[in-house]
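As structure tokens, the structure follows; a few thoughts come after it.
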Protein chains: 2
Amino acid sequence: MTQPPTRRKRSPSTASTPAGTGTVTLGMVAKAAGVSPSTVSRILNGTATVSPEKREAIDEAIRTLGFRPNPVARGLAGGRTLSVGVLTQTINSPFYGEALRGIEDRLEVAGYIPIFVSGHWHEAEEHKAMEALMSRRVDGLIVLAGRMSNDALQAYSQQVPMVVVGRELHTDRIFSIDFDNFTGGLLATQHLIECGHRRIAFIAGDPLHKDALDREAGYRAALERAGIAFDSALVLNGDFTEAGGLMAVNRLLESGLAFSAIFAANDQTAIGAALGLYRRNVRVPDDVSLVGFDDLAPAKFSVPPLTTIRQSVYEIGSEAAAAMLDMLKGETPAAKLPPPELVARESTRRVAR
Amino acid sequence: MTQPPTRRKRSPSTASTPAGTGTVTLGMVAKAAGVSPSTVSRILNGTATVSPEKREAIDEAIRTLGFRPNPVARGLAGGRTLSVGVLTQTINSPFYGEALRGIEDRLEVAGYIPIFVSGHWHEAEEHKAMEALMSRRVDGLIVLAGRMSNDALQAYSQQVPMVVVGRELHTDRIFSIDFDNFTGGLLATQHLIECGHRRIAFIAGDPLHKDALDREAGYRAALERAGIAFDSALVLNGDFTEAGGLMAVNRLLESGLAFSAIFAANDQTAIGAALGLYRRNVRVPDDVSLVGFDDLAPAKFSVPPLTTIRQSVYEIGSEAAAAMLDMLKGETPAAKLPPPELVARESTRRVAR
DNA sequence: TTGTAGGCGTTATCAC
DNA sequence: GTGATAACGCCTACAA
């Protein structure tokens, strides 16, 4: 059924025989255009100026032969592979998946290809993944959060340009993309306060994750500005997962504490919390208002649709990729993310004071 | 802030100078072990048997030098890149994302790396993506559904081994992984019938997708076996998305037709349908029972948790990868998927007849 | 069993 | 501006 994997056999003849298989090489283009391979390479990379006539002839040859440069050979010869490594945590995470799409789209138009590897929030795995990327000679690295130490990241950044997302790490070799999680947390909480809520619980995210901390800071700031006393008993541990949200809400309910609203550190947590409330016959939003964070796809179709903070995860990805492309060109990157924004849906409701 | 992307400079000296940068080459290993480069290559690839002493010396040299073969050079020289291309549709799809994880995990242990590209259900994009993969010299191709014609796929399969998922396409160069969607559709519908439902609506999936058709066939077969007349008015168009499910349910409700249960062609559709029902104050499962298909992560945490058909999407991915590895070894692949299984949660309920 | 000598397709260096 | 020529790091006939 199958055949051995060899597919291109070594031909003993000279390199640039146009008669060969389907592979069109740069050398063949050169021969067809009547120039040297170097000249072809030059126009391909814009390394030097070439005379209009030759340029014309080469363009034509490329077109008629259907030549496509071989990235593998390029990688060997020039040290550039036109690929950038992306260290993500779970390839199928609703959050990071969205960012990956942004990265992919943005890199593609520049002719770069992303190589995704997963760390699964596990330091050893992240190292393995990074090694795989480095041995693949990626031209750059985009790191989405993770557990690896800053020192380790900086070490890698000595070898290739690096963009990091969701971590506190700025150096002259590392460009950092930051979303304004603090303001997001502030907006979410303020929305609940404006709705008349005063007893607002918060289900935190992964405490090792900077985003989670910033969101919590926003929550506390909003309470303070409204003159509402902070009650640490209303802050529950979470881990950015649905299961974590569900368990947190169970603990909250069992505590017997009064509360009329919950701000969850991300949508997944909120969705888990919604299920927990449903199970105990607490209605959303009639009995308890609920706010999430991220505005991922599921938020729009949850029952009820979730009020949340929109942060354009897709754009975070595409901006990270854009920054990487800038660095690759030797330019100083500059990312501009849209500010966080409240999306009011049906999981929150105004209450009488 | 940034530096130009060049990082490995061409040294005018001979290739194998151990004094150079951090890059350890095969040649350096050879020199250190006192053998020729070919011998090192041989033990690396198991191409031939070498004397135990040399083997020992080489292993040692590899270890002390920390040598890691360069996949790029390997790709150029040997035609193998130790990478397999994966044509998916959307990198962040909850369904395919799960499969990607299976692929990634399975390939990793074999030293292969997946390169994911997205086609977005768009034939032209799929072709572009395929070209990108081919120019990258991937050793194999895993295709997850898509719009590209079978002929086009077969053409690619002439160049590299191929595994396809979710399509009707078997040739001697293509290995096809199939999940038993028919039985899944049957089980879902039979569950509703056993609960006492007789007016069961079906929200179909993408009609261009084989899985969708098989599931519908299962639905019809179950009705027939139970002696329930098929009513085409109870079959709604859908497209495997939440929005599609929502719109379908709206049409169903507006039609005024009697029904007490809905079988949706996938979980996403079911979740959209659940929202549509909620919006019109139709309660699940009290007024209408609802069944999905796939048992993706969101199903477990929807409100109410969704009764669905479990198909292990992760395993579909890992089996596809395993099959690819078999083909790469020149062996005949054999995939064994677990059978579909009903997962009864809280969105279905028994009714009085 | 082991070494030698190309060659993979492209880029970079250095003369012209 | 343009063309030889030598790498890049590895693999694989071929010879020994």
Side-chain angles (χ1 to χ4, degrees), chain A residues 5-17 20-21 23-31 33-55 57-58 62 65 67-82 135-137, chain B residues 5-17 20-21 23-31 33-55 57-58 62 65 67-82 135-137:
Chain A
T6 49
R7 62 177 198 275
R8 284 183 301 281
K9 41 182 171 291
R10 187 175 303 274
S11 84
S13 57
T14 45
S16 42
T17 52
T21 62
T23 344
V24 183
T25 72
L26 181 149
M28 291 163 58
V29 172
K31 185 165 292 185
V35 301
S36 78
S38 333
T39 307
V40 178
S41 174
R42 280 193 256 269
I43 64 161
L44 247 43
N45 303 286
T47 313
T49 43
V50 301
S51 73
E53 312 99 61
K54 306 219 170 193
R55 156 167 240 111
I58 294 172
I62 289 180
L65 292 178
F67 167 71
R68 311 230 315 139
N70 179 338
V72 180
R74 251 136 108 116
L76 225 210
R80 295 165 359 103
T81 52
L82 293 183
S135 81
R136 240 74 201 184
R137 300 296 193 274
Chain B
T6 49
R7 62 178 197 274
R8 283 184 302 281
K9 41 179 170 293
R10 189 176 301 275
S11 84
S13 56
T14 44
S16 43
T17 52
T21 60
T23 346
V24 183
T25 73
L26 182 149
M28 291 163 57
V29 173
K31 185 165 292 184
V35 301
S36 80
S38 10
T39 308
V40 179
S41 174
R42 280 191 258 269
I43 64 160
L44 246 43
N45 302 287
T47 313
T49 42
V50 301
S51 73
E53 311 99 62
K54 306 219 169 191
R55 158 169 238 111
I58 293 172
I62 289 180
L65 292 177
F67 167 71
R68 313 230 314 141
N70 179 338
V72 179
R74 250 137 108 115
L76 226 209
R80 294 165 2 101
T81 52
L82 293 184
S135 82
R136 239 77 199 186
R137 301 296 192 274

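Order of the sequence lines sets the chain letters (A, B, ...), proteins ahead of strands, with each chain counted from 1.
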In whole angstrom, what separates [X]'s [atom1] from [N]'s [atom2]?
{"X": "B:Ile58", "N": "C:dT1", "atom1": "CD1", "atom2": "C1'", "answer": "12 Å"}
{"X": "B:Asn70", "N": "D:dC8", "atom1": "CG", "atom2": "C1'", "answer": "9 Å"}
{"X": "B:Arg136", "N": "C:dT10", "atom1": "CZ", "atom2": "C1'", "answer": "14 Å"}
{"X": "A:Phe67", "N": "C:dG9", "atom1": "CZ", "atom2": "P", "answer": "10 Å"}
{"X": "A:Leu76", "N": "C:dA12", "atom1": "CG", "atom2": "C1'", "answer": "14 Å"}
{"X": "B:Lys31", "N": "D:dG9", "atom1": "NZ", "atom2": "P", "answer": "13 Å"}
{"X": "B:Arg74", "N": "D:dC11", "atom1": "CZ", "atom2": "P", "answer": "5 Å"}
{"X": "A:Glu53", "N": "D:dG1", "atom1": "CD", "atom2": "C1'", "answer": "11 Å"}

Next item on the list: Would you state whether a donor and an acceptor, one from the side chain of B:Ser38 and one from the base of C:dT4, lie under 3.5 Å apart?
Entry: yes
Notebook entry, point to check: In Å, rounded to the nearest 0.5 Å, how long is the span from CG of A:Leu26 to CG of A:Leu65?
Noted result: 11.0 Å
Item checked: Separation of B:Arg136 CZ from A:Asn70 CG (nearest 0.5 Å) ->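 These two atoms lie 9.5 Å from each other.
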Next item on the list: Within residues 43-50 of chain B, find the residues that approach DNA chain C with a heavy atom at under 4.0 Å, and present them sorted by residue number.
Entry: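 Residues of residues 43-50 of chain B under 4.0 Å from DNA chain C: B:Thr49, B:Val50.
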Next item on the list: Report the end-to-end axis angle of the helix from C:dT1-D:dA16 to C:dC16-D:dG1; each axis comes from five terminal pairs, and the value is rounded to 10°.
Entry: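 Angle reported: 40°, given to the nearest ten degrees.
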Notebook entry, point to check: From C:dT10, D:dG1, D:dG3, pick the nucleotide closest to the side chain of A:Leu26?
Noted result: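 Shortest atom-to-atom distance from the side chain points to C:dT10.
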Next item on the list: Using a 4.0 Å heavy-atom cut-off across all strands, classify A:Pro69 as base, sugar-phosphate, or nothing.
Entry: sugar-phosphate
For the residue pair [X] and [Y], what are the closest heavy atoms and their distance?
{"X": "A:Pro71", "Y": "B:Ser135", "value": "CD-O, 3.0 Å"}
{"X": "A:Thr25", "Y": "A:Phe67", "value": "C-CE1, 3.4 Å"}
{"X": "B:Leu82", "Y": "B:Arg74", "value": "CD1-NH2, 3.9 Å"}

Filtered N/O pairs between nucleotides 14-16 of chain D and protein, under 3.5 Å:
none

Checklist line | Set of residues satisfying side chain to side chain contact (heavy atoms under 4.5 Å, CB included) with respect to A:Ala33, sequence neighbours excluded | finding: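 Partners of A:Ala33 by the side chain to side chain contact (heavy atoms under 4.5 Å, CB included) criterion, ordered by chain and then number, come out as A:Val35, A:Ala57, A:Ile58, A:Ala61.
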Next item on the list: Please list, chain by chain and in numerical order, all residues satisfying side chain to side chain donor-acceptor pair (under 3.5 Å) with A:Thr39, sequence neighbours excluded.
Entry: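 In terms of side chain to side chain donor-acceptor pair (under 3.5 Å), with neighbours along the sequence ignored, A:Thr39 is linked to A:Ser36.
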With a 3.5 Å cut-off and sequence neighbours excluded, list the donor-acceptor pairs that the side chains of residues 42-49 of chain A form with protein atoms.
| unit_1 | atom_1 | unit_2 | atom_2 | d |
| --- | --- | --- | --- | --- |
| A:Asn45 | ND2 | A:Ser41 | O | 2.7 |
| A:Asn45 | ND2 | A:Ser41 | OG | 3.3 |

Item checked: Side-chain touch A:Thr23/B:Arg137, heavy atoms, less than 4.5 angstrom ->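 SC-SC contact between A:Thr23 and B:Arg137 confirmed.
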For a quick test of reading the model: is some side-chain N or O of [X] closer than 4.0 Å to OP1 or OP2 of [N]?
{"X": "B:Ser36", "N": "C:dG3", "answer": "yes"}
{"X": "A:Thr39", "N": "D:dG3", "answer": "yes"}
{"X": "B:Ser41", "N": "D:dT12", "answer": "no"}

